[in-house]
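Report on the following structure.
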Protein chains: 2
Amino acid sequence: MNNKKTFGETVKSLREVRRLTLKDVSSKLDIDISTLGKIEKNQRSASKELIAKISQFFNVDEKQLHIDFLSDKVAYQLEDERYATEVLRVAEAKVKYLKQKDSNEAH
Amino acid sequence: MNNKKTFGETVKSLREVRRLTLKDVSSKLDIDISTLGKIEKNQRSASKELIAKISQFFNVDEKQLHIDFLSDKVAYQLEDERYATEVLRVAEAKVKYLKQKDSNEAH
DNA sequence: TTCATTTTGGACAAAATATGTCCAAACTTA
DNA sequence: TAAGTTTGGACATATTTTGTCCAAAATGAA
């Protein structure tokens, strides 16, 4: 899987290399054609459940697809911010801080 | 400024070291007392405009406070995700990719 | 070119989420 | 105790997201 692609681009190429139509895939995933089309264009979001379905349907690693999805969300969120890289660096420290805080509070 | 703190904790200590009450600060910022209290407890979000006001009022670097705010949002978003660190790493690559894409499309 | 299929974009109501505002209970502290 | 402060919840309103449908545009096979 190429992480340089956006989540939508990833889903689209998973479909296209299999020569399937939006209808083929959307009906299997039990969602609207139009919704899937928008997901491929990053115009709509996908739920966790849908990501799981997609990874199962295309037989790709769910963890990897999930990472691809979340990182996309974060990246788009910071796209127009000037200090994106710094934000990410601080965020990483905070995640560690929060994880530790939680595990301390747990016992 | 200590980035290990959450955004709310940061705002709270900015207020407390000056020995001001929520009422003092909220009235200057032109927001509800309760809203400010919740912001300090990370139960409500702050708008960009409000972040600017806060940084001006406490006379701290707006950029830094803004980074503190955004990184917090990202961190909370990933708090319950198992692969937070990997997500952030991929997100960083994507941000760079998007920035390059944009600057290429611009000319 | 025509016809069927596929993709895309927009409209819309319903559902979910966020925000502004107020109030009262709980907590501090003088 | 009494005043001032903080906290949590309720609530209407505003904003955003979601599911669904439809029609126009694009594709492509005959």
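Model, not experiment: these values are computed from the prediction.
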How long is the line joining [atom1] of [X] and [atom2] of [N], in whole Å?
{"X": "B/Ile39", "N": "C/dG20", "atom1": "CD1", "atom2": "C1'", "value": "11 Å"}
{"X": "A/Asn42", "N": "D/dT17", "atom1": "CG", "atom2": "C1'", "value": "16 Å"}
{"X": "B/Leu36", "N": "D/dT6", "atom1": "CG", "atom2": "P", "value": "9 Å"}
{"X": "B/Glu16", "N": "C/dT29", "atom1": "CD", "atom2": "P", "value": "10 Å"}
{"X": "A/Leu22", "N": "D/dC22", "atom1": "CG", "atom2": "C1'", "value": "16 Å"}
{"X": "A/Leu50", "N": "D/dG19", "atom1": "CG", "atom2": "C1'", "value": "13 Å"}
{"X": "A/Lys38", "N": "C/dG9", "atom1": "NZ", "atom2": "C1'", "value": "6 Å"}
{"X": "A/Glu49", "N": "D/dG19", "atom1": "CD", "atom2": "C1'", "value": "15 Å"}

*Using a heavy-atom cut-off of under 4.0 Å over every strand shown, decide if A/Thr21 touches base, sugar-phosphate, or nothing.*
sugar-phosphate
*Is the closest side-chain heavy-atom distance between B/Ile39 and B/Leu50 below 4.5 Å?*
yes
*State, with a plain yes or no, whether a side-chain heavy atom of B/Phe7 is found less than 4.5 Å away from one of B/Leu70.*
no
*Does the base of D/dG9 carry an N or O that pairs as donor and acceptor with the side chain of B/Ser34 under 3.5 Å?*
yes
*Is it the case that A/Ser34 and A/Lys38 place a side-chain donor and acceptor less than 3.5 Å from each other?*
yes
Taking the side chain of [X] as its heavy atoms from C-beta onward, which of [options] lies nearest to it?
{"X": "B/Arg44", "options": "D/dC21, C/dG20, D/dT5", "answer": "C/dG20"}
{"X": "B/Ile33", "options": "C/dC22, D/dT18, D/dT7", "answer": "D/dT7"}
{"X": "B/Lys23", "options": "C/dC22, C/dT8, D/dT5", "answer": "D/dT5"}

*Basic-acidic side-chain contact under 4.0 Å: A/Lys53, A/Glu62*: no
*N-O pairing of B/Lys41 and B/Glu9 below 4.0 Å*: no
*Looking only at side-chain N and O atoms, does A/Arg15 come under 4.0 Å of OP1 or OP2 in C/dT7?*
yes
*asked:* By nearest heavy atom, map B/Asp24 and A/Ser45 onto DNA chain D; which one lands nearer the 5' end?
replied: B/Asp24
